[in-house]
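I have placed the structure first, in the form of structure tokens, so that the comments after it can refer back to it.
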Amino acid sequence: MKEKSTKSVKLTKNQSLVLDALIKAGQPSGAYALLDTLGQHGFKAPLQVYRALEQLIDLGLAHRLESLNAFIACSHMSCETSGATAFVICDECETVQEICDDTVSGFLTSLAKKTKMKASKSNIELHGLCNGCADAPNSNN
Ligand SMILES: [Zn+2]
Ligand SMILES: [Zn+2]
């Protein structure tokens, strides 16, 4: 486990702007969608967004959803590591829930040890239907 240092970290202006946009979006956002929002703040190139995202991910403040090719703010703003994360993703309404459970990260860490693999990151993404969508009657209203 890495030591907790997120709280003392000072974000650059760009990083806080990107993080802000992610939080406001409240859903997984692609870099280009973020760039749209951030244009008014002087962002011009996707690379600026990607750079800020990368650093936010390193700090455990944001996470990357590989299967959606999108980014999301950490739901508790304090992941000790962005190296072992898990999400449930609804394919219907695209709701994403971060699973904040030490069991998961503990399991991933032990799995890495067992396989003698020095895993730098692991991310579980479970796709399916959320409660609301699974219960919804099959009509279009
Ligand atoms: Zn997190
Ligand atoms: Zn749903």
Side-chain angles (χ1 to χ4, degrees), residues 1-43 45-141:
M1 285 287 140
K2 277 180 198 165
E3 56 190 284
K4 255 191 179 163
S5 56
T6 14
K7 276 184 187 130
S8 56
V9 165
K10 266 226 161 104
L11 298 179
T12 65
K13 193 176 160 238
N14 278 8
Q15 287 164 15
S16 16
L17 283 170
V18 170
L19 184 59
D20 228 54
L22 271 182
I23 294 169
K24 283 203 186 115
Q27 59 180 2
S29 316
Y32 283 89
L34 287 170
L35 185 61
D36 265 358
T37 323
L38 292 165
Q40 50 177 315
H41 294 292
F43 280 73
L47 192 63
Q48 291 174 295
V49 180
Y50 277 119
R51 266 204 204 121
L53 281 169
E54 239 168 64
Q55 286 147 349
L56 289 171
I57 290 168
D58 273 353
L59 294 168
L61 297 173
H63 301 300
R64 187 192 157 88
L65 296 162
E66 311 274 350
S67 61
L68 299 179
N69 195 17
F71 303 87
I72 192 165
C74 177
S75 62
H76 44 112
M77 284 297 142
S78 64
C79 263
E80 280 190 37
T81 169
S82 52
T85 46
F87 297 90
V88 281
I89 300 162
C90 177
D91 287 326
E92 193 67 35
C93 64
E94 292 209 330
T95 298
V96 176
Q97 242 184 297
E98 184 172 354
I99 302 171
C100 306
D101 188 336
D102 289 343
T103 323
V104 177
S105 47
F107 168 73
L108 291 172
T109 311
S110 75
L111 195 66
K113 263 185 204 151
K114 226 181 277 175
T115 54
K116 295 204 170 69
M117 165 87 183
K118 212 166 174 13
S120 52
K121 61 167 187 167
S122 43
N123 182 29
I124 298 176
E125 293 173 21
L126 299 168
H127 282 260
L129 286 179
C130 73
N131 236 341
C133 291
D135 286 350
N138 234 355
S139 65
N140 279 329
N141 49 27

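Read the numbers this way: they start at 1 and go in the same order the structure lists the ligands and their atoms. None of the values given here were measured: they were computed from a predicted structure.
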Checklist entry - When you measure from the Zn ion (ligand 1) to each N, O or S atom of E98, which atom gives the shortest distance? => result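 Nearest N/O/S atom: OE2.
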Next on the checklist: Can you tell me how far apart CD1 (I57) and SG (C74) are? Round to the nearest 0.5 Å.
Outcome noted: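 One gets 11.5 Å once the value is rounded to the nearest 0.5 Å.
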Got more than 12 heavy atoms from elsewhere within 6.0 Å of [atom1], [X]?
X	atom1	result
E125	CD	yes
D135	CG	yes
R64	CZ	yes

Checklist entry - Under 2.8 Å from the Zn ion (ligand 2), which protein atoms of type N, O or S occur, listed by chain and number? => result C90 SG, C93 SG, C130 SG, C133 SG
Checklist entry - Going through the distances and angles, do H63 and F87 end up as a ring pair (Phe, Tyr, Trp, His ring centres under 6.0 Å)? => result CA-CA 10 Å; H63 301 300; F87 297 90; 5.6 Å; yes
Checklist outcome for this item: Heavy-atom nearest pair, S67 first then H127, reads OG-NE2, 2.8 Å
Item to check | Vertex the Zn ion (ligand 1), arms to H63 NE2 and C74 SG, rounded to 10° | outcome: 110°
Checklist entry - Quick one: ring pair (Phe, Tyr, Trp, His ring centres under 6.0 Å) partners of F43, sequence neighbours excluded? => result none
